[in-house]
Amino acid sequence: MTVSWDDMRTVMCLVRAGSLSAAAQMLGLNYTTVARRIARAEGALGVALFERLTDGYRPTEAGLLVADHAARMADQTDALMRQLQGQDAALHGSLTITAPQLLIAHILTPVIDQFCAAYPDVDLHVRATNDLLDLNRREADLAIRISRDPGDTLKGLRLTPQYSASFASPKVAAQIKADPHGMVDWIVYADYTTVPKNVDPAYPHHRIRMTFDDMVAIRAAAQAGLGVARMPLFLGRASDGLVQVPVLPPQPYPEIWVVAHRDIWASAKVAAFREMLVPYMRGIRDQFVP
């Protein structure tokens, strides 16, 4: 009995994920299907591929060997599909782009609308996420990223530099203006233990009032008047109920890039979207810089 590709891929995902539920999420399946595929692969090969432990599945040497072989098969398949896609001259079919949620919400929707109107035969999928999807594994065809480095295996084009600054509600801004020596309450990311660097010395007293692990929550807290938050200029300027405050002068922030795998950079659909995106972004560059 031979092992099917689906079963080998399931072994690979379980090795990477460590649990049935996590592997099922990776594969878009339920965990019982994952367990059934693992049992089927073990039956076909006649060896145990995993030790069943209370805290998850631990791969045996045989399991690691199967997972490694499946990974190499997947890489070869992805490479073939990218090369075929790179030769695609058709402006129809599927195209997947990805970008951070807030960049889509406040910047990219007009160019997405323009592209859909110009190319109605392209089935455009937009994955709004702050996660860096793996373009090598074809999780997306084209990515718009906020980054200092687009990645060695990718081809990229810088769309715009950008800056960040401090923003607060009008009420908090008025308090800071009236009393520069008063205490400035900051709202920061959970990983930060200090207020941002390079604060203006004209405002000498600072403290972290609260932390969040999400920019949407940070922005909402600032809009509610809970303190001052650092955020990209485009976001602060586009957010109702926020004004820029001089506590933190504009600071360089990671740039915005459009990137794709080198194999598909020149494909028709990727090129068509990029050819609309680049002039659009350069036309609104003043939203990102002081």
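For the numbers below, each heavy atom of this structure counts, side chains included, while hydrogens, waters and symmetry mates do not. Count residues from 1 along the sequence.
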*Asks:* Would you give the length of the straight line joining atom CZ of Arg37 to atom CZ of Arg9, rounded to the nearest 0.5 angstrom?
*Replies:* 6.5 Å
*Asks:* Between Arg127 and Thr98, do the side chains contain a donor N or O and an acceptor N or O under 3.5 Å apart?
*Replies:* no
*Asks:* Atom CZ of Arg158 and atom CH2 of Trp257: how far apart are they, to the nearest 0.5 Å?
*Replies:*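 So the CZ of Arg158 and the CH2 of Trp257 are separated by 7.0 Å.
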*Asks:* Please report the interatomic distance CZ(Phe273) to SG(Cys116), rounded to the nearest 0.5 Å.
*Replies:* 8.0 Å
*Asks:* Can you name the nearest heavy-atom pair linking Ala260 to Val270, along with the distance?
*Replies:*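 Distance-wise, the nearest heavy atoms are CB-CG1, 4.4 Å.
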*Asks:* What are the two closest heavy atoms between Glu42 and Leu49, and how far apart are they?
*Replies:* OE2-N, 2.7 Å
*Asks:* Salt-bridge test for Arg285 and Glu255: reply yes if a basic N is under 4.0 Å from a carboxylate O, no otherwise.
*Replies:* no
*Asks:* Between Thr96 and Asp141, is there a donor-acceptor pair closer than 3.5 Å when you use the side chain of the first and the backbone of the second?
*Replies:*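 It does not hold such a pair.
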*Asks:* So, Lys269 side chain and Val122 main chain: donor-acceptor pair closer than 3.5 Å or not?
*Replies:* no
*Asks:* Going by atom types alone, do Ser4 and Asp6 pair a side-chain donor with an acceptor below 3.5 Å?
*Replies:*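 No.
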*Asks:* Checking side-chain polar atoms at under 3.5 Å, does Ser166 have a donor or acceptor matched by the opposite partner on Arg230?
*Replies:* no
*Asks:* Does Met231 belong to the same Ile/Leu/Val/Met/Phe/Trp/Tyr cluster as Val188, with side-chain heavy atoms less than 4.5 Å apart forming each link?
*Replies:*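 Yes; tracing contacts between hydrophobic side chains, which count when under 4.5 Å, links both residues.
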*Asks:* Of all the heavy-atom pairs spanning Gly227 and Ala168, show the shortest one and how long it is.
*Replies:* O-CB, 3.9 Å
*Asks:* Test Leu103 against every option in Leu235, Asn130, Leu108, Thr109 by the side-chain contact (heavy atoms from CB on, under 4.5 Å) rule and name the one that passes.
*Replies:*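 So the option named by the test is Leu108.
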*Asks:* Any side-chain donor-acceptor pair under 3.5 Å between Asn198 and Gln251?
*Replies:*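 Indeed, the side chains of Asn198 and Gln251 share at least one donor-acceptor pair under 3.5 Å.
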*Asks:* Does Trp186 reach the main-chain N or O of Ala229 with its side chain, forming a donor-acceptor pair under 3.5 Å?
*Replies:* no
*Asks:* Are Ile38 and Met26 linked, directly or through intermediate hydrophobic residues, by side-chain heavy-atom contacts shorter than 4.5 Å (ILVMFWY only)?
*Replies:*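 Met26 does not cluster with Ile38.
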*Asks:* Would you say Asp214's side chain and Ala217's backbone share a donor-acceptor pair under 3.5 angstrom?
*Replies:* yes
*Asks:* Please check if Met8 and Leu65 belong to a single hydrophobic cluster, counting links between Ile, Leu, Val, Met, Phe, Trp and Tyr side chain heavy atoms closer than 4.5 Å.
*Replies:* no
*Asks:* Decide whether Thr33 and Asn30 meet the rule of one side-chain donor and one side-chain acceptor closer than 3.5 Å.
*Replies:*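 Indeed, the side chains of Thr33 and Asn30 share at least one donor-acceptor pair under 3.5 Å.
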*Asks:* On a heavy-atom basis, which atom in Ile104 and which in Val126 lie closest, and how many Å separate them?
*Replies:* CD1-CG1, 3.6 Å
*Asks:* Could you walk me through whether Tyr189 and Ile218 satisfy the side chain to side chain contact (heavy atoms under 4.5 Å, CB included) test, starting with their C-alpha distance in whole Å, then the side-chain angles of each, then the deciding distance to 0.1 Å, before giving a yes or no?
*Replies:* CA-CA 8 Å; Tyr189 269 109; Ile218 290 174; 4.0 Å; yes
*Asks:* For the residue pair His125 and Ile97, establish whether any side-chain heavy-atom pair is separated by less than 4.5 Å.
*Replies:* no
*Asks:* Mind listing the closest non-hydrogen atom pair of Ala268 and Leu91 along with its distance?
*Replies:*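 The answer is O-CD2, 3.6 Å.
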*Asks:* Is the closest side-chain heavy-atom distance between Arg282 and Leu159 below 4.5 Å?
*Replies:*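 Contact flag for Arg282/Leu159 side chains = no.
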*Asks:* With no hydrogens and no angle check, just 3.5 Å: does a side-chain donor-acceptor pair link Asp179 and His181?
*Replies:* no
*Asks:* Would you say Gln244's side chain and Gly236's backbone share a donor-acceptor pair under 3.5 angstrom?
*Replies:*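 No: the side chain of Gln244 does not pair with the backbone of Gly236.
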*Asks:* For the residue pair Ala202 and Pro204, what are the closest heavy atoms and their distance?
*Replies:* O-CD, 3.4 Å
*Asks:* Just verifying a value: how many Å separate Thr10 OG1 and Arg36 CZ, rounded to the nearest 0.5 Å?
*Replies:* 10.0 Å
*Asks:* Kindly assign one of parallel, tilted or perpendicular to the pair Phe288 and Phe234, based on the angle between their ring planes and the thresholds 30° and 60°.
*Replies:*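 Phe288 and Phe234: tilted rings.
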*Asks:* Just verifying a value: how many Å separate Leu95 CG and Ile264 CD1, rounded to the nearest 0.5 Å?
*Replies:* 8.0 Å
*Asks:* If only atom types and distance count, is the side chain of Ser169 paired as donor or acceptor with the main-chain N or O of Gly241 below 3.5 Å?
*Replies:* no
*Asks:* Output yes when a side-chain donor or acceptor of Arg274 lies under 3.5 Å from a complementary backbone atom of Trp265, and no otherwise.
*Replies:* yes
*Asks:* Between Met183 and Leu226, is there shared hydrophobic-cluster membership here, with clusters defined by ILVMFWY side-chain heavy atoms closer than 4.5 Å?
*Replies:*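 Looking at the clustering, Leu226 is in a separate group from Met183.
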*Asks:* Are the side chain of Arg58 and the backbone N or O of Phe50 linked by a donor-acceptor pair below 3.5 Å?
*Replies:* no
*Asks:* Is there a chain of hydrophobic side chains (I, L, V, M, F, W, Y, each step under 4.5 Å between heavy atoms) that links Met12 to Val34?
*Replies:* no
*Asks:* How about Tyr57 and Val15: do any of their side-chain heavy atoms sit closer than 4.5 Å?
*Replies:* no
